[in-house]
Structures are given as C-alpha cells and as structure tokens.
2 protein chains.
Amino acid sequence: MANESPLPEEDLRQALELLFFAYRGFTGEADAILADFGLGRAHHRVIYFVKRNPLLSVNALLSILKITKQSLSRVLGQLVREGFIDQKTDKVDRRRRTLILTDKGDELEARLTACQTARISRAFEATGPDGVEGFKKVLIEIINEEDRRDYTGGAPHTG
Amino acid sequence: MANESPLPEEDLRQALELLFFAYRGFTGEADAILADFGLGRAHHRVIYFVKRNPLLSVNALLSILKITKQSLSRVLGQLVREGFIDQKTDKVDRRRRTLILTDKGDELEARLTACQTARISRAFEATGPDGVEGFKKVLIEIINEEDRRDYTGGAPHTG
DNA sequence: CAATATGTGTCAATATTACTGACATAATTT
DNA sequence: AAATTATGTCAGTAATATTGACACATATTG
C-alpha cells in the first residue's frame with residue numbers, strides 16, 4: 001500500500017497556487033510600465049489583442065475580452081483619444097469600426113510584450129522544450145472550449 | 001538554414017495568451033459560486049490561504065496577498081462577521097490574531113477548490129505526468145523569487 | 001521603567017475595473 | 001418599411017484596490 005506522494009489533492013492545490021503566483025508575477029511588470037502612461041491592465045489587454053488581430057472590429061474585441069461594451073468604451077476611448085489606436089470605418093460594412101495600433105500604440109505594445117515574453121522566455125529556457133510542450137498542453141486543456149478559438153494558437157482572428 | 005517554426009516571438013505570445021485565458025477560465029467558476037454568498041475573488045484568496053496555512057497571522061496573510069491591510073480589512077472583516085473565519089489572539093504574542101477557517105468556511109473552501117481542482121485534474125489527465133511536470137516547472141520559473149516562499153510547494157507557512 | 005517598535009484595526013478619500021439598464025444613431029438586411 | 005446589427009453614450013452601482021492618518025495593545029529594547 002504505497003502512499004502516493006504527494007497526494008493528488010496536494011498536487012492540484014499546488015497547481016492552483018502556481019497559476020495564482022505566476023499570473024500575478026507576469027502581470028506585475030507590465031502594470032508598472034502602464035502606470036507611467038496613466039493606463040491600466042485593461043488597456044493592455046485591448047492593445048495586445050488589437051496588435052494580434054489588426055483591423056479587429058469592436059464587437060470581435062468584446063467577444064474576446066468578454067466584458068461589456070460600456071467597460072470597453074472607457075478604455076478604448078482613452079486609447080483612441082491618446083493616439084494608441086486608430087479607429088476607421090470598415091469599407092465593406094460601414095457600421096463597423098476597425099481597430100489598429102498606431103505607431104505609438106505599436107511601440108507601447110512591443111515594450112509591454114517584451115517584458116512579459118522575457119520572463120516567459122527565461123522560464124522556457126530553464127525548463128527545456130519537453131517541459132514547454134507540457135506547459136502548453138496543460139494550459140490549453142484548462143482553457144474553456146469557447147475561449148480556444150480566441151487563443152491565437154496559429155490562426156489569427158479574421159475580424 | 002532551417003527556419004524555426006513557429007518563430008520564438010510567436011511561441012512566447014501564445015504562452016501569454018494561454019496564461020490569460022487559462023487564468024480567466026479557472027477563476028470564472030469559483031467566482032460564480034462566491035457570488036451566491038455575496039463574496040468575491042478577494043474573499044476566495046483569503047479563505048484559500050487561511051485553509052492552506054492554519055493559524056496564519058494577519059501580517060503573514062498580507063505578505064502573501066501583497067495588498068494593503070485596509071483592503072484586507074474589508075474582506076477579512078466580512079468573512080469573520082459572517083462566520084467563515086475565526087480570529088483568536090495568539091497565545092505567545094498577544095498582539096497577533098491567528099486566523100483559521102470555521103466549519104462553514106472550510107465547507108465553502110472545499111467547494112471552491114473542488115471546482116477548480118476538477119478543471120486542473122481533467123487537464124492533467126489529458127496531458128499525462130510528463131506534461132504536468134513541465135507545466136509545473138515552467139510556472140515555478142515564471143514566479144517571482146520572493147513569491148516562491150509563499151507557494152506551498154511542500155512546505156506550509158509557519159506563521 | 002521609559003522609549004520604541006510591532007501587530008492590528010479603523011476612518012476618510014480616491015482610483016480602476018467592472019457591472020446593468022436605457023437610449024440614440026447609423027448602416028445593413030429582410 | 002421594418003427589423004436587426006454595430007457602435008456609442010448616459011446614469012447609477014459594485015468590487016477591489018489604493019494612500020494617508022491615526023489609535024490602541026502588546027512586545028522588545030535600552
């Protein structure tokens with residue numbers, strides 16, 4: 001009767017904690033940069049997904065972020081006013097506003113992403129390719145099915 | 001000159017997105033349960049770490065959560081008033097209040113953790129033990145050094 | 001013992017991110 | 001023409017967090 005060590009529940013609890021601390025850690029540095037611009041994490045998410053999905057519509061962005069349009073409005077409005085994002089009327093459907101980063105927005109995005117990917121990169125190097133595969137596989141399984149489409153695992157959004 | 005595929009940056013961006021969607025997914029279900037009790041994610045964090053570190057002091061909890069004591073006060077106060085957490089004066093240092101879950105608190109914690117660990121457990125099973133090792137290793141590397149002490153990777157807090 | 005430091009709690013004011021509900025406008029589709 | 005879609009905006013509210021100030025009890029140090 002060999003006792004499993006550690007117990008499954010202990011293992012799973014450790015995984016919960018890993019996610020909590022890792023998420024907090026990897027958002028912290030970017031938050032500090034954003035604060036210098038008077039922006040918060042919500043702005044980062046918008047900038048990030050607009051970078052990833054150029055010419056994204058407002059609705060498509062809402063469906064990725066899963067927030068209300070009133071919440072997005074404040075954040076997106078500020079980013080447009082302050083010149084991080086350009087909003088243009090879509091050519092084929094003139095109700096739509098397509099979103100794209102300005103040069104200024106692109107620069108900020110690059111800086112924010114650089115600091116986060118540096119952290120991930122160090123972790124990947126310390127772990128090795130097999131571990132990285134496991135990391136990705138587990139996270140993909142954790143993600144809600146509906147969200148897997150939004151995860152840009154190879155295929156960017158079409159609009 | 002074989003081209004790496006996918007490019008490192010693309011790989012790293014995918015990892016950022018995985019963390020974002022996974023974190024959002026795995027907090028969502030617990031948030032829904034908490035809402036039934038008029039509680040939020042902040043209450044969950046307190047309940048969770050008190051469960052993990054029985055007889056934790058308020059200061060120790062603050063240093064794990066890295067929030068201000070004014071923020072904790074509202075959350076912890078509510079949990080004590082509503083009977084989820086017991087606060088007792090420490091025997092050796094009577095300035096300290098030690099925190100411990102009541103039966104009611106323990107029951108809620110079990111329910112919240114069960115729904116989160118179920119998700120993780122499914123992901124672990126779908127991935128297999130080697131992948132799980134990689135998952136853990138990468139996350140540990142992502143975590144700030146200061147936070148690694150708070151991650152209960154085997155050793156619970158002592159006070 | 002007196003002074004200082006520590007642990008906790010609380011008051012007040014503010015910020016960020018989010019929510020619901022209601023309504024307006026423009027453009028597209030039926 | 002009517003209905004639907006995409007977007008925007010106004011008003012009110014909530015949860016989570018912040019900073020700063022202060023009070024009090026207890027412990028430690030000189």
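Heavy-atom basis, side chains included; hydrogens, waters and symmetry copies ignored. Protein chains get the first letters and strands the later ones, always in sequence-line order, with residue 1 at the start of each.
- The aromatic rings of A:F37 and A:F84 sit perpendicular to each other, their planes meeting at more than 60°, with 30° as the lower class boundary.
- Distances shorter than 4.0 Å separate none of the side-chain N or O atoms of B:R95 from OP1 or OP2 on D:dA27.
- Taking atom NE2 on B:H43 and atom P on D:dA17, their separation rounds to 9 Å, with Å as the unit.
- Distances shown here put a side-chain N or O of A:S71 below 4.0 Å from the OP1 or OP2 atom of C:dC19.
- With D:dT7, C:dA18, D:dT18 as the choices, the nucleotide that has an atom nearest any side-chain atom of A:R45 turns out to be C:dA18.
- As a whole-Å value, the separation of A:K69 NZ from C:dT17 C1' is 18 Å.
- When the P atom of C:dT8 is taken as reference, atom CG of B:L72 falls 10 Å away, rounded to whole Å.
- We find that CZ of B:F37 is positioned 16 Å from P of D:dA15, with the value rounded to whole Å.
- At the phosphate of C:dT8, OP1 or OP2 sits under 4.0 Å from a side-chain N or O atom of B:N59.
- Among C:dT17, C:dA22, D:dA17, the nucleotide with an atom closest to any side-chain atom of A:A42 is C:dT17.
- With a 4.5 Å cut-off on side-chain heavy atoms, B:L61 and B:L72 count as touching.
- Rounded to whole angstrom, the span from the CG atom of B:L65 across to the P atom of C:dT8 amounts to 13 Å.
- Side-chain N or O atoms of B:T127 include none that pairs as donor or acceptor with a backbone N or O of B:V132 at under 3.5 Å.
- Spacing between atom CD1 of A:I85 and atom P of D:dT7 amounts to 14 Å, rounded to whole angstrom units.
- A distance-only check finds a donor-acceptor pair linking the side chain of B:K104 to the backbone of B:E82 [under 3.5 Å].
- When heavy atoms are screened at a 4.0 angstrom cut-off, A:R74 is found touching base atoms of the nucleic acid.
- For a distance-only test at 3.5 Å, the side chain of B:Q70 qualifies as a donor-acceptor partner of the base of D:dG20.
- Between D:dG8, C:dT20, C:dG9, one nucleotide has an atom nearer to the side chain of A:R97 than all others, and that is D:dG8.
- Rounded to a whole Å, the CG atom of B:L62 is 13 Å from the P atom of D:dT19.
- Among the heavy atoms of the strands, none lies under 4.0 Å from B:Q78.
- Both A:G40 and B:T98 sit near DNA chain C, but only B:T98 has its closest nucleotide nearer the 5' end.
- If you find the closest nucleotide of DNA chain C to A:K66 and to B:S73, the one lying nearer the 5' end belongs to B:S73.
- The residue B:V92 sits close only to the backbone: its heavy atoms come under 4.0 Å of sugar-phosphate atoms, none of a base.
- For the pair B:R41 CZ and C:dT17 P, the computed distance is 14 Å after rounding to whole Å.
- Counting non-hydrogen atoms of other residues, nucleotides and ligands closer than 6.0 Å to CD of B:Q87 gives a total above 12.
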